[in-house]
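Structure, as structure tokens:
Each chain gets a letter, A, B and so on, in the order its sequence line appears, and its residues count up from 1.
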Amino acid sequence: MSKIIEPLRGVHDVLPAQIAAWQHLERITRQVFASYGYEEFRVPVIEQTQLFKRSIGDFTDIVEKEMFSFVDQGEDHITLRPEATAGIVRAVISNGLLRDGRLRVWCMGPMFRRERPQAGRYRQFHQVDAEAFGFEGPDIDAEMILLSARLLKLLGLRGVSLKVNSLGTPASRAVYRDKLTAYFTAHAESLDEDSKRRLTGNPLRILDSKNPDMQRLIAAAPLLIESLDAESREHFESLCAQLRGAGVEYHVEPHLVRGLDYYTRTVFEWTTDQLGSQSTVCAGGRYDGLVAQLGGVDTPGIGWAMGQERIVMLLEKQNLEFSKRRPQLYLVLVGEQTGIPGLQLAEQLRDAWPDLSLQINLGGGSFKTQFKRADKSGAEFALVLGDDEAARGVVAVKALRREMAQEECPVERISERIGNLLGLKKGGERNHG
RNA sequence: GUGGACGUAGCUCAGCUGGUAGAGCCCCGGAUUGUGAUUCCGGCCGUCGCGGGUUCGAGUCCCGUCGUCCACCCCA
């Protein structure tokens with residue numbers, strides 16, 4: 001026996017027992033995006049390293065130390081995407097999708113960051129991602145937030161709250177940044193180590209510090225919202241008015257800063273207090289300069305990302321139950337001559353009822369053994385085909401979890417009988433998936 | 001990247017101050033002829049994360065390493 005191979009650090013398997021929560025999330029996601037008229041978009045998980053450096057920012061933690069980057073045999077510099085926006089913007093430009101001027105899309109898939117793992121923070125993790133291009137006004141900001149709110153609500157989650165803020169235009173943010181740098185420099189002796197480091201790199205991040213000793217200093221710092229240019233202020237106020245109009249609760253959080261360089265004006269974040277320090281479940285913002293920065297026609301953009309693992313953790317924590325897909329029928333086959341008739345019976349039933357789930361006993365076994373398996377499968381009914389039934393052209397039907405006497409049914413009438421017993425509909429469900 | 005806790009059967013865990021491992025669940029089989037979930041009986045399962053060291057002897061002590069988790073950093 002050779003040594004078993006362990007999974008890489010920070011990556012996880014989603015086991016069959018956990019899949020119901022994931023499928024619930026995926027189903028609701030598709031449903032909600034469809035209800036807002038967003039189209040699904042699928043883009044590669046690998047891109048040129050340069051793409052992320054240019055979009056996320058050279059001096060962000062993500063680019064500086066968290067990317068899985070490598071040089072392939074053709075000497076291309078490749079990176080596993082650490083987030084979705086950059087790739088989507090690239091794809092939108094590459095495919096000329098902005099010729100229509102406007103675009104609303106979403107995607108779902110794995111992201112990769114080489115961080116120190118923790119519950120709710122993994123090296124391969126998954127995000128649901130929404131992006132919209134070509135909308136100048138705050139109406140799209142409101143729609144994006146409403147969409148995320150609806151998604152969280154339909155997932156059944158409780159205890160998430162919304163924070164919003166505006167970072168202004170790059171120009172007004174630069175003015176604020178200078179003010180802030182001056183303020184913190186004047187109080188440099190009270191800064192902790194992390195904040196001293198951030199003072200030169202990204203002083204806005206100091207505002208985000210969790211250090212209790214810093215809170216006094218931060219509270220007295222100049223507010224970004226006071227440095228906003230008039231247009232950004234108006235944009236933000238309009239957004240807030242729309243949120244109120246739509247009945248969405250929010251808090252203006254003047255210290256809310258996103259870590260990626262490309263954000264402008266609106267930023268927002270949904271958080272929970274149920275996941276320890278990994279409290280953000282969904283976050284995003286506007287990135288008006290990014291498309292131009294990546295070589296496209298200057299087009300405003302906005303987007304958000306939702307951490308699927310974090311959502312699933314919340315679903316599990318809140319004990320939300322999802323209907324498990326289990327077989328409705330288990331076909332017990334005992335005897336020398338029942339193999340082929342059994343297959344034919346199963347296929348006949350599947351032909352008749354596309355939505356039927358039927359598990360066939362494979363590998364033989366005594367009646368007792370097979371009934372044990374039937375029970376464990378979760379099936380509603382066991383169908384029994386033994387030599388005796390096969391010879392007489394009948395199938396025995398036994399209810400496994402409801403009061404009903406065992407009965408026999410001629411093979412030619414079994415489809416109809418099963419359809420009645422399980423309440424199946426011809427042609428199957430529509431709207432599935 | 002920094003600090004800390006933990007790591008024993010598939011799962012949940014027990015194993016006192018060092019003497020070469022246990023329970024429950026799960027799984028498999030049986031309780032007279034072709035019928036499950038209960039009950040009873042029996043059975044399988046571990047290089048005690050990995051590698052070194054101390055010792056006559058280590059799951060138990062020491063060092064290293066890998067992994068998980070917590071906080072920070074950062075972020076979804």
Inset, instruction - Mark yes when over 12 heavy atoms from residues, nucleotides or ligands other than A:R197 sit less than 6.0 Å from its CZ; otherwise mark no. - result: yes
Legend entry - Residues, nucleotides or ligands: over 12 heavy atoms within 6.0 Å of A:R350 CZ: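 Yes - once you tally the heavy atoms of other residues, nucleotides and ligands closer than 6.0 Å, there are more than 12.
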Under a 4.0 Å threshold between the charged nitrogen and the carboxylate oxygen, would [Y] count as salt-bridged to [X]?
X	Y	value
A:E408	A:R392	yes
A:R205	A:D208	yes
A:E380	A:R402	yes

Legend entry - Closest-nucleotide ordering on RNA chain B, the 5'-leading residue of A:Q308 and A:R114: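 Its nearest nucleotide being more 5', the pick is A:R114.
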Inset, instruction - Mark yes or no for a side-chain to base donor-acceptor pair under 3.5 Å between A:R205 and B:C75, with no hydrogen or angle criteria applied. - result: no
Non-neighbouring partners of [X] that pass side-chain contact (heavy atoms from CB on, under 4.5 Å), sequence neighbours left out:
X	result
A:I93	A:V89, A:V291, A:L294
A:D192	A:D194, A:S195, A:S209, A:N211, A:M214
A:Q118	A:R121, A:S277, A:Q278
A:A86	A:L51, A:F52, A:S55, A:E83

Legend entry - Those residues of residues 274-282 of chain A lying under 4.0 Å from RNA chain B by at least one heavy atom: A:G276, A:S277, A:T280, A:V281, A:C282
Inset, instruction - Tell me what A:D129 touches on the nucleic acid: a base, only sugar-phosphate, or nothing, going by heavy atoms under 4.0 Å. - result: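 Here A:D129 touches no strand at all.
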Do any N or O atoms of the protein come closer than 3.5 Å to N or O atoms of nucleotides 36-38 of chain B, and which pairs are they?
{"from": "B:G36", "atom 1": "OP1", "to": "A:K368", "atom 2": "NZ", "distance (Å)": "3.4"}
{"from": "B:G36", "atom 1": "O2'", "to": "A:D375", "atom 2": "OD2", "distance (Å)": "3.4"}
{"from": "B:G36", "atom 1": "N7", "to": "A:K398", "atom 2": "NZ", "distance (Å)": "3.3"}
{"from": "B:G36", "atom 1": "N1", "to": "A:L400", "atom 2": "O", "distance (Å)": "2.7"}
{"from": "B:G36", "atom 1": "N2", "to": "A:D375", "atom 2": "OD1", "distance (Å)": "2.8"}
{"from": "B:G36", "atom 1": "N2", "to": "A:L400", "atom 2": "O", "distance (Å)": "2.4"}
{"from": "B:G36", "atom 1": "N3", "to": "A:D375", "atom 2": "OD1", "distance (Å)": "3.3"}
{"from": "B:A37", "atom 1": "O4'", "to": "A:D375", "atom 2": "OD2", "distance (Å)": "2.9"}

Show me the protein contacts with nucleotides 5-13 of chain B, counting only N or O atoms at under 3.5 Å.
none

Inset, instruction - Only pairs at least two apart or in different chains count here, so list each side-chain hydrogen bond (donor to acceptor under 3.5 Å, both in side chains) that has a residue in residues 176-185 of chain A. - result: A:K179-A:S227
Inset, instruction - Please collect all side-chain hydrogen bond (donor to acceptor under 3.5 Å, both in side chains) contacts where either partner lies in residues 41-52 of chain A, sequence neighbours excluded, each pair once. - result: A:E40-A:R42, A:E47-A:R90, A:T49-A:T79
Inset, instruction - Hey, can you tell me if A:F68 and A:F112 have their rings parallel, tilted or perpendicular (30° and 60° cut-offs)? - result: perpendicular
Between the protein and nucleotides 65-69 of chain B, which nitrogen or oxygen pairs are less than 3.5 angstrom apart?
{"from": "B:U68", "atom 1": "OP1", "to": "A:G10", "atom 2": "N", "distance (Å)": "2.8"}
{"from": "B:U68", "atom 1": "OP2", "to": "A:R9", "atom 2": "NE", "distance (Å)": "3.3"}

Inset, instruction - Rounded to the nearest angstrom, tell me the gap between atom CZ in A:F52 and atom P in B:C75. - result: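 It works out to 16 Å between those atoms.
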Legend entry - Nearest-angstrom distance from the residue atom CE of A:M111 to P of B:A76: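 After rounding, the gap between these two atoms is 11 Å.
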Inset, instruction - Measure from the side chain of A:Q406, starting at C-beta and using heavy atoms only, and say which of B:C75, B:C74, B:U35 lies closest. - result: B:U35
Inset, instruction - Would you verify whether the NZ or CZ of A:K398 falls within 45 degrees of the ring axis of A:F371 while also being under 6.0 Å from that six-membered ring's centre? - result: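 So A:K398 does make the cation-pi contact.
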Inset, instruction - Treat a base pair as Watson-Crick or G-U wobble with both distances under 3.5 Å, then lay out RNA chain B in dot-bracket form, 5' to 3', with | for cross-strand pairs. - result: (((((((..((((........)))).(((((.......))))).....(((((.......))))))))))))....
Cut-off 3.5 Å, no hydrogens considered: what does the side-chain donor-acceptor table look like for residues 14-23 of chain A, sequence neighbours left out?
{"from": "A:Q18", "atom 1": "OE1", "to": "A:L15", "atom 2": "N", "distance (Å)": "2.8"}

